[in-house]
Enquirer: 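The structure's right below; bear with me while I get my questions together.
Below, each value reflects all heavy atoms present in this structure, side chains not excepted, and no hydrogens, waters or symmetry copies. Each residue takes its place number in the sequence, starting with 1.
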Amino acid sequence: MSQPAARVLSSGMRLPPLPTIRELVKLYKLQAMKQLSQNFLMDERLTDKIVKSAGRIDSNDIVLEVGPGPGGITRSILRRQPQRLMLVEKDQRFGETLQLLRECAAPLNIQLDIYHEDILRFNIEQHVPDTTQRLHLIGNLPFAISTRLLINWYADLAARRGAFRRNDTCMTLTFQKEVAERICAPLASEQRCRLSVMSQIWTQPVLKFIIPGKAFVPKPQVDVGVVKLIPLKQPKTQLPFSLVERVVRHIFSMRQKYCRRGYSNLLPPEEREEHTHLLFERADVKDTLRPFELSVEECLRLATVYAEHVAAYPEVAKYDYRAPK
Ligand code: SAM
């Protein structure tokens, strides 16, 4: 094993000497598990760059890292010295390597809490009961759950709950490059999809940089994009999240067709044609645009008129065009 190097912190303090991540993975035989989408980042310059993308981290802030694995990004976060670092890692095998980092954090007065839990079930409010401290969400996300996690977080953001009780909780996360590009895709771009609109209703997403697949161990099939998602101070809608999600999902369910096609499936067949036409008129949206040509505002106007329609005809809310006849 090579001689561990002490790392200088921004404040001039040092992280105690530690074996490299590569050495720890070898030492503890931490082979990556495909079913947990494990791809490790060993390059400290890249982990530092991810954490730098999160912006300023103050000594009073809390950082929650999703899936720290052997702890590469965790080390970069520790070097920024938040008040508290919460690690949510499903795989118990990383217990010892994370424990090692907890020992390094203690003399720096950083509270490091390790939770061996599933981030999709993790109750942030229970572990951070008050909102006096700013929270940063950071993670090299497991590909298998990244979109689901993001949609869950948008639901929390819309309801101002969980990690989003304050309006300044930013997310700095990795995605497969194509997904990262879709999240940020502007109006009329080829990549624009449901995830672009959902992301841009509640946040301002910024594609920070691309990490080539070869930087990970094992190397994934794809490159990876680092995205910072900044919650909008003024949300673009007050409509319930589930209603907006339903409308946007239907609009984009037929990407290549006119947007009225997917939208019309929100309505039962007997009223479909007549009411689709009326709702587009009321929303002042051209029904022959393709879904990717619709602005966030147009999607939200379509959601608003649908909400009004459902208020007038409550049984329509239960209609599911995919349900068995
Ligand atoms: N942060 C490490 C790095 O950059 O080298 C590991 C990143 S790896 C892509 C994803 C990590 O998320 C793994 O450590 C995996 O065990 C963990 N993970 C997978 N599913 C999870 C879940 N549902 N909740 C919490 N952690 C999860």
Enquirer: Any chance you could measure Glu117, atom CD, to Lys90, atom NZ, to the nearest 0.5 Å?
Expert: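 Here the interatomic distance stands at 11.5 Å.
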Enquirer: Under 4.5 Å side-chain heavy-atom separation, chaining through any Ile, Leu, Val, Met, Phe, Trp or Tyr, what else clusters with Tyr258? Say none if it is isolated.
Expert: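 Tyr258 shares its hydrophobic cluster with no other residue.
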Enquirer: With a 6.0 Å cut-off (strictly less than), is the heavy-atom count around CD of Glu96, excluding the residue itself, greater than 12?
Expert: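 Check fails, neighbour count at 12 or below.
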Enquirer: Test side chain to side chain donor-acceptor pair (under 3.5 Å) on Gln31 and Arg93; report intermediate values, then the result.
Expert: CA-CA 10 Å; Gln31 275 91 359; Arg93 293 180 307 152; 5.1 Å; no
Enquirer: In the hydrophobic clustering that connects Ile, Leu, Val, Met, Phe, Trp and Tyr at side-chain heavy-atom distances below 4.5 Å, which members other than Leu278 occupy its cluster, ordered by chain and number?
Expert: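 Members other than Leu278 - counting any ILVMFWY side chain reachable under 4.5 Å - there are none.
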Enquirer: Flag the pair Trp202 / Phe164 as yes when their ring centroid distance falls below 6.0 Å, and as no otherwise.
Expert: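 Ring-ring flag for Trp202/Phe164: false, centres at least 6.0 Å apart.
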Enquirer: Looking at Glu273, I want to see if its CD is surrounded by more than 12 non-hydrogen atoms of other residues, nucleotides or ligands under 6.0 Å.
Expert: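 Counting other residues, nucleotides and ligands, CD of Glu273 stays at 12 neighbours or fewer.
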Enquirer: Specify the closest pair of heavy atoms between Ser146 and Leu141, including all atoms of both residues, with the distance to one decimal.
Expert: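 Here Ser146 and Leu141 meet closest at CB-CD1, 3.7 Å.
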Enquirer: Give a yes or no on whether Arg148 atom CZ has more than 12 heavy-atom contacts from other residues, nucleotides or ligands under 6.0 Å away.
Expert: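 Result for CZ/Arg148: open.
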Enquirer: For atom NZ of Lys236, decide whether the heavy atoms of other residues, nucleotides or ligands shown that lie under 6.0 angstrom number more than 12.
Expert: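 Yes, the 6.0 Å shell around NZ holds more than 12 heavy atoms from other groups.
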Enquirer: Of all the heavy-atom pairs spanning His309 and Leu279, show the shortest one and how long it is.
Expert: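 Result for this residue pair: CB-CD2, 4.1 Å.
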Enquirer: Assess the side chains of Arg272 and Tyr321: does a donor N or O sit below 3.5 Å from an acceptor N or O?
Expert: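 Their side chains do not contain a donor-acceptor pair, so the 3.5 Å distance test is not met.
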Enquirer: Parallel, tilted or perpendicular: which one describes the rings of Tyr115 and His127, with boundaries at 30° and 60°?
Expert: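 Rings of Tyr115 and His127: tilted, 30 to 60°.
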Enquirer: Given Val63, which partner from the list Ile77, Thr172, Leu135 fulfils the side-chain contact (heavy atoms from CB on, under 4.5 Å) test?
Expert: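 Passing option: Ile77.
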Enquirer: Evaluate Arg301 against Glu297 for salt bridge (Lys or Arg N to Asp or Glu O under 4.0 Å), listing each step before the verdict.
Expert: CA-CA 6 Å; Arg301 291 211 297 275; Glu297 288 69 24; over 6 Å; no
Enquirer: Starting from Val206 and following side-chain heavy-atom contacts under 4.5 Å between hydrophobic residues (I, L, V, M, F, W, Y), which residues can be reached?
Expert: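 Traced through the cluster, Val206 reaches Ile230.
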Enquirer: Before accepting this row, confirm whether a basic side-chain N of the pair Arg194/Glu245 lies closer than 4.0 Å to the acidic partner's carboxylate O.
Expert: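 Salt bridge between Arg194 and Glu245, a charged N being under 4.0 Å from a carboxylate O: yes.
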Enquirer: Could you check whether Asp287 pairs with Arg260 (Lys NZ or Arg NE/NH1/NH2 to Asp/Glu carboxylate O, under 4.0 Å)?
Expert: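 Yes, Asp287 and Arg260 are salt-bridged.
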Enquirer: What distance separates Arg134 CZ from Asn60 CG, expressed to the nearest 0.5 Å?
Expert: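 The distance works out to 9.5 Å.
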Enquirer: Write down the atom of Leu157, the atom of Pro231, and the distance for their closest heavy-atom approach.
Expert: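 Result for this residue pair: CD1-CB, 3.9 Å.
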